[in-house]
Amino acid sequence: MSQQITSPSAEVAAVLAAADAFDWTTVSHAYGDATDLPEMLRALAEDEGPDSAAGDLWGSICHQGTVYSASVAAVPFLAGLAAAGAAAKECLWLLGAMAESEDTAPGAEEDVRDAVRAEAGRIIPFTLHADPDVRQATVHVLGQVRSADPVPTLRAALEHDTAPIVRAEALIALVRCAAPDHAALITAAHDDAADEVRLASVLAAFDAGLPWDDRLEQVLLSVEGADGIGGRLHDDHRHEPLSWVVGVLCAAGRGDAAATFLLRAADRAGDDLAPVLWAARRACESSRAATELLRPLAEKHAGSADGRHLADAIGPRADALPVHRPAVPTFDQPLGPAAQMDLDMEELRERVATPLPDYDRLTTPDVDRKLMAAAVIWERTNDPAPVVQAVSEASERLSGRESFIWGFPRASVARTAARLGPAAAPLEAALRTLMDDPAALAAAATALVRAGCDLDVDDVALRLAAQTGQYRDDDTVTALATLAPLLSPATVQRWHDLIDQDVRLGTRSFDKTAVAADEQLRAELRFALTGRDHR
């Protein structure tokens with residue numbers, strides 16, 4: 001239960017007074033102006049509901065894991081409130097989350113972790129607190145400072161704390177602080193009587209870079225209720241340990257090892273198969289080898305809801321999926337419903353001639369309407385000039401916009417230019433600028449090659465390989481088909497290696513599962529690369 005204080009002590013009052021005196025106009029949080037932080041700190045410390053107050057603070061200074069300049073400024077006040085006896089658990093939990101963050105907002109270049117590290121002297125005494133929840137939050141904070149200073153304190157917690165979850169958190173923290181004997185500590189913890197500590201020994205082994213082997217697998221299989229324990233650890237990324245371990249193995253190209261582990265876990269799970277089947281789904285969405293090894297597991301448990309979800313995620317075998325030819329952009333293909341605008345030529349030309357709104361009022365629909373009007377004029381007249389004009393203006397308006405959201409209209413601009421073929425040559429400078437945006441890279445490269453412009457096709461192809469599955473798959477496939485005849489043998493081989501790798505490409509589709517979308521993309525990339533279906 002959260003600690004509540006009806007009347008602030010002198011120590012708490014001193015901290016709040018210092019917070020009131022701080023110039024919060026010099027820093028900002030997730031919602032901008034940070035002048036409301038003293039009020040949030042006061043609500044946390046006094047009798048206005050620490051749980052909700054902690055939520056307000058969390059949303060402002062550790063918003064979805066992002067920290068800000070106000071986060072740095074808040075650290076000494078949070079540590080001070082905890083030391084003064086106000087909402088210690090909430091303050092320590094928030095300090096740990098902020099110190100853990102690697103996502104720093106612009107304007108918060110000062111490291112929050114350094115600020116928390118400077119407060120270690122006020123944090124360490126809480127390892128002896130009567131409440132195990134407070135002790136757990138404390139060792140988590142100390143682990144996140146990533147320094148050798150708290151190692152003796154963490155070692156004492158691992159050896160002497162009476163709460164297994166605190167000892168588990170301490171072991172993970174010791175590895176994060178690079179304790180000199182961390183490998184020996186992990187090995188010893190493999191045989192601990194507590195499930196919590198044995199699970200922590202597995203997670204800590206991954207943190208330490210130790211290899212996944214039969215011993216580590218047996219330790220994880222010996223843990224009863226691993227996902228339940230994971231949910232109690234102060235680690236949002238590993239609250240489902242089975243899925244997390246499987247994900248790490250698959251990302252390392254060891255989908256076969258992940259599948260083997262899951263099959264053994266299923267044999268030992270009894271009636272509680274849900275965590276195993278959920279982890280199996282993640283394995284299939286991450287690894288091609290795991291998919292086929294786990295297909296019999298899905299079929300065996302197809303009568304249960306979790307088994308059906310796994311079977312649906314796996315879908316049909318790869319050789320049962322259709323292969324589509326790359327769609328080289330030409331005006332033989334309709335632009336879609338918007339292209340059938342019931343506008344006469346005068347209205348279309350007026351739409352193209354009307355300047356796009358200024359920078360601060362420009363929207364994606366503004367860009368799309370102009371591009372489509374210009375394209376319809378060309379379809380009706382064979383005059384590419386309106387398209388050249390629209391593409392040029394839109395690319396100029398979009399220049400300098402840094403948000404990833406603007407990658408979508410930039411890709412639309414490049415895609416429209418690609419339809420021009422040789423007539424896009426006057427747009428060469430604009431298209432080269434568009435190539436700087438990963439979302440527009442494929443379409444811009446296609447446009448440049450089709451326009452006959454010089455291009456380092458191998459460099460572009462390798463850049464596309466590095467981001468395959470992250471943006472529109474049809475753009476990537478079309479670009480590869482356009483570039484393929486010009487590529488060096490080494491680059492072609494790099495693409496073959498990518499297509500044939502075990503790790504899935506990460507593509508997504510609205511009408512297919514992740515597994516089916518990945519397999520279809522691979523088939524289409526093979527076709528684009530060689531002009532033949534190799535299945």
Side-chain angles (χ1 to χ4, degrees), residues 326-455 460 471-472 474-479 482:
V328 177
T330 71
F331 275 87
D332 294 334
Q333 300 149 3
L335 284 170
Q340 312 304 320
M341 294 182 295
D342 187 19
L343 298 175
D344 60 29
M345 290 297 294
E346 182 178 349
E347 291 174 298
L348 290 168
R349 292 188 187 279
E350 181 179 352
R351 181 168 291 187
V352 172
T354 302
L356 287 169
D358 293 335
Y359 184 92
D360 58 343
R361 294 185 296 112
L362 183 66
T363 67
T364 295
D366 292 329
V367 175
D368 289 342
R369 279 192 295 269
K370 171 160 283 203
L371 293 174
M372 290 180 178
V376 171
I377 292 174
W378 189 23
E379 287 182 329
R380 294 181 184 178
T381 67
N382 293 321
D383 178 10
V387 181
V388 172
Q389 175 189 339
V391 168
S392 180
E393 182 186 358
S395 61
E396 187 277 330
R397 281 285 199 279
L398 293 168
S399 177
R401 290 178 177 260
E402 296 181 358
S403 171
F404 78 94
I405 294 174
W406 293 104
F408 298 103
R410 273 193 279 263
S412 295
V413 171
R415 210 174 292 122
T416 302
R419 298 168 69 91
L420 289 171
L427 296 168
E428 179 176 356
L431 290 168
R432 291 189 186 280
T433 299
L434 289 171
M435 285 179 61
D436 293 336
D437 190 317
L441 173 61
T446 300
L448 285 166
V449 172
R450 297 192 73 232
C453 302
D454 290 334
L455 194 66
V460 172
Y471 302 99
R472 275 187 48 159
D474 55 345
D475 281 353
T476 301
V477 172
T478 296
T482 304

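Source: prediction; values computed, not measured.
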Q: If only atom types and distance count, is the side chain of Ser399 paired as donor or acceptor with the main-chain N or O of Ser395 below 3.5 Å?
A: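 Checked: no pair found.
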Q: I need the minimum non-hydrogen distance between Pro355 and Glu393, along with the two atoms involved.
A: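 Looks like CA-OE2, 3.3 Å.
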Q: Could you check whether any side-chain heavy atom of Arg432 comes within less than 4.5 Å of a side-chain heavy atom of Leu455, counting everything from C-beta outward?
A: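 Answer yes - side chains close enough.
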Q: Taking all heavy atoms of Ala411 and all of Ala439, pick out the closest pair and write down the distance.
A: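 Reported closest heavy-atom pair: CB-O, 3.5 Å.
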Q: For a 4.5 angstrom cut-off between non-hydrogen side-chain atoms, does Thr364 reach Trp406?
A: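 In contact.
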Q: Do Thr354 and Glu350 make a side-chain contact, defined as non-hydrogen atoms from C-beta onward lying under 4.5 Å apart?
A: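 Yes, side chains in contact.
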Q: Return the CG to OG1 distance between Asp368 and Thr416, rounded to the nearest 0.5 Å.
A: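 One gets 8.0 Å once the value is rounded to the nearest 0.5 Å.
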Q: If I compare all heavy atoms of Leu356 with all of Asp366, which pair ends up nearest, and what's the gap?
A: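 That would be CD2-O, 3.6 Å.
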Q: Rounded to the nearest 0.5 Å, what separates atom CG in Leu441 from atom CG in Leu431?
A: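 Nearest 0.5 Å value for the CG-CG distance: 11.5 Å.
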Q: Provide the closest heavy-atom pair for Val387 versus Ala374 in the form atom of the first, atom of the second, distance.
A: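 Reported closest heavy-atom pair: CG2-O, 3.5 Å.
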Q: Quick one: do Glu347 and Arg351 make a salt bridge, cutoff under 4.0 Å?
A: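 No, this pair does not count.
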Q: Quick one: CZ on Arg410 to CG on Leu398, what's the gap to the nearest 0.5 Å?
A: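 Answer rounded to 0.5 Å: 6.0 Å.
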Q: Quick check for you: to the nearest 0.5 Å, what is the distance between Ile377 atom CD1 and Met345 atom CE?
A: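 Between atom CD1 of Ile377 and atom CE of Met345 there are 5.0 Å.
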Q: Any heavy-atom pair between the side chains of Arg397 and Val367 that's under 4.5 Å?
A: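 Val367 does not reach Arg397 side chain to side chain.
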Q: Which pair of non-hydrogen atoms, one from Pro384 and one from Ala423, has the smallest distance, and what is that distance?
A: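 Here Pro384 and Ala423 meet closest at CB-CB, 3.8 Å.
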Q: Just by distance, no angles: are the side chains of Asp475 and Thr478 close enough, under 3.5 Å, to form a donor-acceptor pair?
A: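 Per modelled atom types, Asp475 and Thr478 side chains form no pair under 3.5 Å.
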Q: Got a second to check how far Arg450's CZ is from Leu420's CG, nearest 0.5 Å?
A: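 Separation between the atoms: 8.5 Å.
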Q: Write down the atom of Ala442, the atom of Ala479, and the distance for their closest heavy-atom approach.
A: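 What the structure gives for the nearest pair is O-CB, 3.6 Å.
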Q: Quick one: pull up CZ in Arg361 and OG1 in Thr363 and give me the separation to the nearest 0.5 Å.
A: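 Spacing of CZ (Arg361) from OG1 (Thr363) equals 10.0 Å.
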Q: Is Leu371 close to Ser412 at the side-chain level, that is, under 4.5 Å between some pair of heavy atoms?
A: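 Contact flag for Ser412/Leu371 side chains = yes.
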